Every structure is written in C-alpha cells, then in structure tokens.
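Remember, predicted model here, so these are calculated numbers, not experimental data.
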Amino acid sequence: MPFTLPSSRKAVQRKCIDLANEVRGLFRVFGLRLPSRVDQGSFDELVKPLVDADPDLSRALLPLLDARAMLCKTYRELDGRVKQAASRDVICLRFMAIPGVGPIAAPTFRAALDDPARFTSSRTVAAHFGLTPRRYQSSETDDPGRVSKAGDRDLPATLYAAANTMMMRSVASSEVKSWGLRLMRRKGRRRAVVADARKLAVIMHRMWADNTEFRHRPLEAAL
C-alpha cells in the first residue's frame, strides 16, 4: 500500500483543525465565542450564518472558511483512500482482526514501522515510538507519569485511540482487553489505556514479524 497516505491524511487533518482554531480566535476578536466542542463536519454549518450576518466578519473569515472547505474535502478523499488501501492490504487486515484496531490505526502502524526486521525485540517497538511512561524517581517516589513525547507523534496517539476503543467501546473480548480493564480498576483509565497501547504495539509487531494471526490468549513470550 502507499505508505505515505496515512501521513498525508494526518497532515491535511491538522490543517483543517488549525484553520478552525484560527476562525475561533478571530471570532473572539469580534466578541463572539463558539461552543467549546463543535464536530468538524458541522463547523461551517454553525459558523457560516454568523459570518454572513456581519460584513466585517465576512471580509475577515469567508476566505478562511473557503480554504478550510477545500482542505476538508481533500481530507475526506485521503481518508477514503487510506481505508480502501487498508482493506486490500494483507498485513493491515491481520492487524484489524484485533479489537479496536481499525482502518486508520492499522495502516498508520504499518507505515510507521515500515519493516518489522528493524526491531530485534518487540519490547523495543513501544519505546521507539514514545509509548513509554515518563518517570519521576527519587529515593521515596517512583511515579511513571504520562506517556513520553519521544518518537513518532502520530503513532502513539493512534494506538492510544485504538486501545481506548478496545477497552471502552468494543464488545469483543480478548486477554489484552481484560488485562487493561483489570489495570484500570487499580491505576485509573488513562494509565490503563496507555499500557494497553504499549501492548498493542508489541503484539502487532510480533504478529507481523512472525506472520501470525491475533490470538485471544496472552502472548507471554512477546510481553
């Protein structure tokens, strides 16, 4: 599959969000505030009537809205291409058998990893892409903290979303999900989801390297 597609999709998505935030900022200049959360698909529907009603707003914001509309159209096209490519790729289809891993997470991981032979140990994959917790340590404290900012920025967020979907939305059961839910009861939701995201990185690398399918029993050797 074209490995640059997920990166292109993400880059255009960021630009759409940047322009939406720019519009929000200009609204505040005019003393107006948009709701804190607006679905990207309904952004224009909410903003356009407000802009059309004020000539000054129109002159300042219509060019931004037009540019954002074109970017969002491009984003939707790229999103469809990524999903179509994932549905035709053997490795991506194998990854998508994992609960929570969908047609965006699978090609994003595939493109970021590129070649499983780059890593001799599956345990190092999560660390390479920044899926290791930041630690604060002293003689009395050992706090694992949040996930570090090292490595590829897109992949940790994508795997975090996949792990969250697995734990909170997916009805399919698996040992990975059960492990995460047990951890969530002890450590809280955020830490459990980050830990499950790290597990996903390890499992997906092992599946690719060994040419194996997802198994519902724990992969003790890899983890």
* Structure fact -> Rounded to the nearest 0.5 Å, the OG atom of Ser8 sits from the CG atom of Leu78 at a distance of 6.0 Å
* Side-chain heavy atoms of Lys199 within contact of Trp179, under 4.5 Å -> yes
* Heavy atoms, side chains only, cut-off 4.5 Å: are Asn164 and Asp196 in contact? -> no
* To do: Could you tell me whether a side-chain N or O of Asp54 sits under 3.5 Å from a main-chain N or O of Asp56, the two making a donor and an acceptor?
  => yes
* To do: Would you indicate whether the side-chain heavy atoms of Arg198 and Leu159 approach each other to under 4.5 Å?
  => no
* Asked: Under a 4.0 Å N-O cut-off, is there an ion pair linking Arg118 with Asp114?
  -> no
* At what distance, to the nearest 0.5 angstrom, does SG of Cys72 lie from CD of Gln13? -> 9.5 Å
* Return the minimal non-hydrogen interatomic distance between Leu183 and Arg191, and the atom names on each side. => CD2-O, 4.3 Å
* To do: Please name the pair of heavy atoms, one in Thr158 and one in Ala105, separated by the smallest distance, quoted to 0.1 Å.
  => CG2-CA, 3.3 Å
* **Side-chain touch Asp154/Arg14, heavy atoms, less than 4.5 angstrom** => yes
* Asked: From Asn21 CG over to Arg24 CZ, what is the distance, rounded to the nearest 0.5 angstrom?
  -> 7.0 Å
* To do: Answer yes if Met70 and Val47 sit in the same cluster of Ile, Leu, Val, Met, Phe, Trp and Tyr residues linked by side chain heavy atoms under 4.5 Å apart, and no otherwise.
  => no
* **NZ-OG distance between Lys10 and Ser7, expressed to the nearest 0.5 angstrom** => 10.5 Å
* Does Val51 reach the side chain of Val23, with side-chain heavy atoms less than 4.5 Å apart? -> no
* Got a second to check how far Arg110's CZ is from Leu155's CG, nearest 0.5 Å? -> 14.0 Å
* Mind checking the CE-CZ spacing from Met184 to Arg189? Nearest 0.5 Å is all I need. => 8.0 Å
* **Ring geometry between Phe109 and Phe129 (parallel below 30°, tilted from 30 to 60°, perpendicular above 60°)** => tilted
* **Minimum side-chain heavy-atom gap Leu46-Leu34 below 4.5 Å** => yes
Can you give me every donor-acceptor pair (side chain of residues 90-104, partner residue at least two apart or in another chain, under 3.5 Å) with its distance?
from	atom 1	to	atom 2	distance (Å)
Arg94	NH1	Asn211	OD1	3.0
Arg94	NH2	Asn211	OD1	2.6

* **Exercise: identify the closest heavy-atom pair between Ser58 and Asp52** => OG-CA, 3.8 Å
* Asked: Under 3.5 Å, is there a donor-acceptor pair between the side chain of Thr124 and the main chain of Thr120?
  -> no
* Checking side chain to side chain donor-acceptor pair (under 3.5 Å) against Tyr75, which of Arg68, Lys15, Arg9 comes through? -> Arg9
* When hydrophobic residues are tied together by side-chain contacts of less than 4.5 Å, even through go-betweens, does Ile17 share a cluster with Phe27? -> no
* Look at the side chain of Ser42 and the backbone N and O of Glu45, then say whether any donor-acceptor pair between them is shorter than 3.5 Å. => no
* To do: Can you sort out the partners of Ala209 under side chain to side chain contact (heavy atoms under 4.5 Å, CB included), two or more places apart, ordered by chain and number?
  => Pro116, His205, Arg206
* Is Asp79 close to Lys83 at the side-chain level, that is, under 4.5 Å between some pair of heavy atoms? -> yes
* Taking C-beta and beyond as the side chain, do Lys48 and Leu62 meet within less than 4.5 Å on heavy atoms? -> yes
* Apply side chain to side chain contact (heavy atoms under 4.5 Å, CB included) to the pair Leu64 and Leu26, showing each step before the final yes or no. => CA-CA 10 Å; Leu64 289 182; Leu26 289 172; 3.6 Å; yes
